[in-house]
Amino acid sequence: MASYSLLSHSLTFILLLFFLPLFFTSFASQCKNPPIIFNFGDSNSDTGGLAAGLGFPINLPNGRLFFHRSTGRLSDGRLLIDFLCQSLNASFLSPYLDSLGGSKFSNGANFAVVGSSTLPKFVPFSLNIQIMQFLHFKARVLELVNAGLGNIINNEGFRNALYMIDIGQNDLADSFSKNLSYVQVIKRIPSIIQEIENAVKTLYDQGGRKFWIHNTGPFGCLPQKLALVQKMDLDQHGCISSYNSAANLFNEELHRSCQRIRPQLTGAAIVYVDMYSIKYDLIANSSKYGFSSPLMACCGYGGRPYNYNIKVTCGQPGYQVCDEGSRFLSWDGIHYTEAANEIMASKVLSTAYSSPPTLFDFFCHN
Ligand SMILES: *[C@@H]1O[C@H](CO)[C@@H](O)[C@H](O)[C@H]1NC(C)=O
Ligand SMILES: *[C@@H]1O[C@H](CO)[C@@H](O)[C@H](O)[C@H]1NC(C)=O
Ligand SMILES: *[C@@H]1O[C@H](CO)[C@@H](O)[C@H](O)[C@H]1NC(C)=O
């Protein structure tokens, strides 16, 4: 009914008035000495690794906001990790694989690459390969520092650095794509968690003491999955229930794993961050945040309901993209827009989603 929708529109508007200033003022940093940051993961935090490592072309309109060029990020602008760096007054992370990394890696490096999973091991760029790349990086940097050939990062720098991990989504999503049953997918979870645990322990043995671990998002809400999956068990928000319940089980195991290793890794801060709840809230309550079609990609092909077609993905010939002014949560059917990432970052920084509750400023050396 017209009057009802008018009311709900003005309610949305009033809510926006209240919420928007909150979202857009929380990034001013008090951090005078930003930490060195190392990140491991998949496309959720890849700042150009796939493009640098495989020469894989990632075209505009990726990057059309903020950077105004394609940086190899799968989004229209900044990723969550970029906002987190900004909140510490740290520079954006260069991909480890980028030989022209502008920062020369004195602020850290990003080992995350699009499509990465934890298993199988020893394939580019699984988590254990990313960790091996880090070991190589560290050995080489210390060699240069000890030879007086550079002042990149010393032992203390590695010890005080922030180590971030965001991986696991592809392990689960790829298993479903290979037609594994729900039970088969669930059975894989302990070995995925084991890989993440191994990564944290290796970094700890190397001197790392500060860990920030993201859980996995509700990938059953991704337009890509919704467009590709045949028989669908949809929840009240239109997401694939079995996918999301696999994500939830994975997250419970990951949380338990963090609790289990804390007493073993003396002196380490291990923070578990509930990205699932942040993302699912954005989707479930999308209109409150000013987004209208939470399950539809801004950039893709096919129009409603999902605007996703595997043959015409964002940036490939024939794609369609929403107007720059419009508010979409999903950028390309898999990754989020800068507008969504910015809200996610403000929620991450709120401490309400991290256990133990931790101010991100904790990682700053003031
Ligand atoms: C942030 O870093 C810049 C230079 O990198 C510095 O000029 C500025 O003072 C820093 N901000 C704070 C709050 O320390
Ligand atoms: C999975 O099942 C669907 C439908 O039965 C089929 O079209 C598809 O080729 C299968 N995929 C794989 C990787 O086996
Ligand atoms: C939606 O917002 C309401 C009110 O803030 C909250 O109670 C609810 O948990 C949110 N839904 C999800 C799925 O997060």
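Each ligand, and each atom within it, is numbered from 1 in the order the structure gives. FYI, the numbering just counts along the sequence from 1.
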Original post:
Which atoms of ligand 3 are found less than 4.0 Å from any heavy atom of A284?
Top reply: 13 (C)

Original post:
Among all protein non-hydrogen atoms, which one is nearest to atom 13 (C) of ligand 1, and what is the separation to 0.1 Å?
Top reply: S29 O, 3.2 Å

Original post:
Where does the angle between the aromatic ring planes of F158 and F134 fall among parallel (under 30°), tilted (30 to 60°) and perpendicular (over 60°)?
Top reply: perpendicular

Original post:
Taking the non-hydrogen atoms of S91, is any one of them nearer than 4.0 angstrom to ligand 1?
Top reply: no

Original post:
Does a salt bridge link E156 with R159, judged by any charged N lying under 4.0 Å from a carboxylate O?
Top reply: no

Original post:
Would you say ligand 1 has an N or O under 3.5 Å from any N or O of Q30?
Top reply: no

Original post:
To which of N179, V229, L228 does the heavy atom nearest atom 14 (O) of ligand 2 belong?
Top reply: N179

Original post:
Do V229 and Y301 share a hydrophobic cluster (ILVMFWY, side-chain heavy atoms under 4.5 Å, transitive)?
Top reply: no

Subject >> Region of P34 that comes within reach of ligand 1 [heavy atoms, distance under 4.0 Å] >> reply: neither

Original post:
Looking only at heavy atoms, is any part of N285 under 4.0 Å from ligand 3, and if so is it the side chain, the backbone, or both, or is it neither?
Top reply: side chain

Original post:
What atoms of ligand 3 come within less than 4.0 Å of a heavy atom belonging to Y280?
Top reply: 13 (C)

Original post:
Protein heavy-atom contact under 4.0 Å for atom 9 (O) of ligand 3?
Top reply: no

Original post:
Under 30°, 30 to 60°, or over 60°: which ring-plane class applies to F111 and F137, parallel, tilted or perpendicular?
Top reply: perpendicular

Original post:
Parallel, tilted or perpendicular: which describes the rings of F176 and F219, with under 30° parallel and over 60° perpendicular?
Top reply: tilted

Subject >> From F362, F360, Y163, residue fulfilling ring-ring contact (aromatic ring centres under 6.0 Å, His included) relative to W212 >> reply: F360

Original post:
Are S330 and H335 linked by a side-chain donor-acceptor pair shorter than 3.5 Å?
Top reply: no

**OP:** May I ask you to establish whether R78 and F67 are in a cation-pi arrangement, using a distance under 6.0 Å from NZ or CZ to the six-membered ring centre and at most 45° from the ring axis?
**Re:** no

Original post:
Which of the atoms in ligand 1, numbered in the order shown and given with their element, are less than 4.0 Å from a heavy-atom of K32?
Top reply: 14 (O)

Original post:
Considering only the SG atoms, does C322 lie under 2.5 Å from C299?
Top reply: no

Original post:
Is there at least one protein heavy-atom neighbour under 4.0 Å from atom 2 (O) of ligand 3?
Top reply: yes

**OP:** Using a strict cut-off of 4.0 Å, indicate which atoms of ligand 1 neighbour a heavy atom of C31.
**Re:** 12 (C), 14 (O)

Original post:
At what distance is the nearest protein heavy atom to atom 4 (C) of ligand 3, and which residue and atom is it?
Top reply: K288 NZ, 4.3 Å

Original post:
Which ligand 1 atoms does N89 reach within 4.0 Å, using its non-hydrogen atoms?
Top reply: 1 (C), 2 (O), 3 (C), 8 (C), 10 (C), 11 (N), 12 (C), 14 (O)

